[in-house]
Amino acid sequence: MKYRSTRDTEGRLYSAPDAICAGIAPDGGLFVPEYFPRLRGETLTRLSKLDYAARAAEILGMYFDCFGSEQLGSACEAAYSPEVFSPCPAPISLLGETAVLELWHGPTCAFKDIALQIMPRLLTMSMRARGESRTAHIVTATSGDTGEAALEGFRDLPGTKITVFYPTDGVSRVQKLQMATQEGDNVDVVAIRGNFDDAQSAVKAIFADPEVREAAEKKGEFLSSANSINIARLVPQTVYYISAYLDLLAEGYLVPGEELDIAVPTGNFGDILAAYMAKRMGLPVGKMVCCSNRNRILTDFFETGVYDTRREFFTTTSPSMDILISSNLERLLYFAFGAEKTAECMRSLRETGVFSIDGDMLETLRADFSACSADEFATAYSIRDTFARYGYTADPHTAAALSYAVGKKCLAVSTASPFKFAPAVDAAIGANGRSMQALRERTGMEIPGPLAGLEKKKIRFTRVVDKADIKTAVYGLQ
């Protein structure tokens with residue numbers, strides 16, 4: 001399997017190790033597979049008999065076939081062991097007709113763990129395949145959960161170091177505490193004055209900066225990314241959709257070949273794009289519902305065909321969705337319309353802050369996607385209503401998906417533990433404490449182990465910089 005850039009009209013091909021190590025293509029585009037592997041009936045039958053780690057190894061092997069099956073198998077067994085994910089990486093709860101895919105049972109209590117436990121292993125395997133002797137310097141921006149999951153995934157991993165940038169007022173208190181107290185000798189965390197888009201744009205800019213590349217080279221390093229712009233972050237996310245479908249078949253929720261609608265809380269568009277990739281592989285998926293918060297730029301795009309970042313930015317109780325530049329939408333444009341149209345849209349976005357597609361193109365996307373949004377009131381109502389009707393506690397991101405999915409035969413993706421956003425959840429269900437302990441007492445849920453002792457951990461990282469100073473923060477450059 002080779003990889004292409006979303007903006008390259010000449011069709012240059014890259015190996016998987018090259019794409020994984022680089023993170024971003026030389027032309028600024030994102031790497032995509034040259035074709036989609038096919039999930040045939042016999043493949044799904046075989047996968048249905050395997051546990052999650054073995055399913056992951058086989059699916060990852062379809063995209064990263066340069067690595068041996070034993071190598072991938074060992075990596076997946078370590079990444080998805082019971083010691084890392086308990087009881088399993090992707091359990092499903094049923095709320096009447098609605099299935100809820102819980103992806104937050106990992107070491108940082110967010111869905112990013114599932115990809116960011118295997119991604120560091122894929123990166124080190126890629127480095128060995130390339131004979132790479134330099135240190136991989138992971139530089140990434142986060143709207144909350146990616147940062148902590150990446151820090152934990154790369155913590156003390158030989159041959160790597162990681163610097164995470166996050167918007168200083170754009171994450172929850174628990175998310176900030178997780179990053180500020182992160183352990184490890186190879187980790188660094190820096191807050192940026194601004195929002196996630198400011199952080200993400202600044203990080204993307206340094207990847208294209210010759211001065212930064214030269215500074216990295218002098219230190220014996222190369223830059224890479226842990227965001228879902230890296231193909232090694234994105235591909236593992238297809239696994240849990242395929243696995244969920246097989247689990248729902250086994251439970252009799254679905255019959256073979258039945259299409260499954262999937263509602264996904266969406267910010268940077270990676271999680272829902274992974275569902276689309278699974279569909280393109282042949283998984284029987286119906287509509288993918290893009291669920292936004294008050295920053296409804298993606299909802300507006302699927303309704304009008306216009307993607308316009310020239311709008312007010314809102315800080316909400318679902319900060320991982322507080323994004324106006326959804327990077328992985330570029331990959332969808334490529335899959336649907338090719339490199340030339342994608343490059344045109346990205347150029348327009350960069351120069352004017354807006355791009356658009358015509359009516360026929362919009363109808364092409366609507367064949368697979370629909371969209372909705374939940375403002376702060378609707379989010380709180382969804383949390384309260386789900387708790388009252390089913391005794392189920394959802395975080396504000398999951399609530400956006402449940403605002404659409406509850407009462408429907410649909411798979412709703414649950415992306416984070418409600419304890420990561422305890423004040424908002426606590427307030428929505430009518431409690432007064434607005435703390436993890438108060439939420440535990442109100443719901444009867446146990447506080448996840450990784451969060452239970454967070455308040456007592458030592459604060460290690462306190463730096464705050466302007467987005468213009470990222471180069472200084474990374475390599476001391478002006």
Side-chain angles (χ1 to χ4, degrees), residues 80 82-93 95 99-117 142-153 166 171-182 237 240 244 263-267 271 291 293 316-322 379-380 382-384 386-387 390-402 412-429 431 433-457:
Y80 301 120
E83 292 75 26
V84 180
F85 290 92
S86 180
C88 68
I92 296 172
S93 295
L95 309 182
V100 182
L101 177 61
E102 296 180 353
L103 301 177
W104 44 265
H105 293 277
T108 74
C109 306
F111 83 99
K112 310 293 178 75
D113 286 326
I114 296 187
L116 280 163
Q117 283 299 304
T142 183
S143 54
D145 290 331
T146 288
E148 175 56 19
L151 289 163
E152 182 62 27
Y166 73 91
V171 299
S172 77
R173 182 172 180 275
V174 170
Q175 288 172 317
K176 185 179 290 190
L177 270 176
Q178 284 183 295
M179 289 185 281
T181 60
Q182 175 63 48
Q237 294 178 253
Y240 47 71
V264 187
T266 307
D271 205 6
C291 305
N293 64 8
T316 74
T317 55
S318 47
S320 295
M321 299 159 69
D322 291 345
T379 296
S382 178
I383 294 170
R384 182 168 60 255
T386 305
F387 183 73
Y390 302 104
Y392 188 85
T393 311
D395 87 289
H397 305 79
T398 304
L402 292 175
V413 178
S414 179
T415 56
S417 165
F419 288 98
K420 295 193 78 166
F421 307 92
V425 177
D426 211 21
I429 63 176
R434 300 197 178 187
S435 66
M436 286 194 281
Q437 183 62 29
L439 188 61
R440 185 191 73 80
E441 294 173 359
R442 171 71 167 164
T443 64
M445 293 179 68
E446 289 300 321
I447 301 172
L451 303 181
L454 196 56
E455 300 282 355
K456 298 178 182 178
K457 293 184 70 175

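Computation of the quantities below employed the complete heavy-atom set of this structure, encompassing side-chain atoms and omitting hydrogens, waters and symmetry-equivalent molecules.
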Original post:
What closest approach, in Å, do Tyr80 and Ile114 show between heavy atoms, and which atom pair accounts for it?
Top reply: OH-O, 2.7 Å
Original post:
side-chain hydrogen bond (donor to acceptor under 3.5 Å, both in side chains) with Arg440: which residues, sequence neighbours excluded?
Top reply: none
Subject >> ring-ring contact (aromatic ring centres under 6.0 Å, His included) partners of Phe421, counting only residues at least two apart >> reply: His397
Original post:
Nearest 0.5 Å, what's the OG1-CG distance between Thr108 and Leu116?
Top reply: 8.0 Å
**OP:** For Asp145 and Ala110, indicate whether the former's side chain and the latter's backbone hold a donor-acceptor pair under 3.5 Å.
**Re:** no
Original post:
How far apart are the closest heavy atoms of Leu95 and Tyr390, and which atoms are they?
Top reply: C-CE2, 3.7 Å
Original post:
What are the two closest heavy atoms between Val264 and Thr266, and how far apart are they?
Top reply: O-OG1, 2.7 Å
**OP:** Output the distance between atom CD (Glu152) and atom CG (Asp113), rounded to the nearest 0.5 Å.
**Re:** 8.0 Å
Subject >> Residues forming a side-chain contact (heavy atoms from CB on, under 4.5 Å) with Pro448, sequence neighbours excluded >> reply: Cys109, Ser417, Phe419, Pro450, Leu451
**OP:** Could you tell me the separation between the CG atom of Leu454 and the OG1 atom of Thr181, rounded to the nearest 0.5 Å?
**Re:** 5.0 Å
Original post:
Taking atom NZ of Lys456 and atom CG of Leu177, what is their separation to the nearest 0.5 Å?
Top reply: 14.0 Å
Subject >> Separation between CG of Leu101 and OG of Ser414, rounded to the nearest 0.5 Å >> reply: 8.0 Å
Original post:
When rounded to the nearest 0.5 angstrom, what distance separates CD in Gln175 from OH in Tyr166?
Top reply: 10.5 Å
Original post:
What closest approach, in Å, do Asp426 and Ser435 show between heavy atoms, and which atom pair accounts for it?
Top reply: OD2-N, 3.5 Å
**OP:** Evaluate the side-chain proximity of Leu151 to Met179: yes if any heavy-atom separation is below 4.5 Å, no if none is.
**Re:** yes
Original post:
Is the backbone N or O of Thr415 less than 3.5 Å from a side-chain atom of Thr398, with the two atoms forming a donor-acceptor pair by type?
Top reply: yes
Original post:
Is Thr443 reaching over with its side chain to a backbone N or O of Leu439, donor-acceptor style, under 3.5 angstrom?
Top reply: yes
**OP:** List the steps, then state whether side chain to side chain contact (heavy atoms under 4.5 Å, CB included) holds for Phe111 with Val413.
**Re:** CA-CA 9 Å; Phe111 83 99; Val413 178; 5.8 Å; no
**OP:** Decide yes or no for Ser320 and Ser143: does some side-chain heavy atom of the first lie under 4.5 Å from some side-chain heavy atom of the second?
**Re:** yes
Original post:
Shortest non-hydrogen contact from Ala399 to Ile383?
Top reply: CB-CG1, 3.5 Å
Original post:
Shortest non-hydrogen contact from Ala401 to Cys291?
Top reply: CA-SG, 3.7 Å
Original post:
Would you say Leu402 and Val100 make side-chain contact, with heavy atoms under 4.5 Å?
Top reply: yes
Subject >> Criterion side chain to side chain donor-acceptor pair (under 3.5 Å) against Gln178, the qualifying member of Arg173, Lys420, Lys457, Glu148 >> reply: Lys420
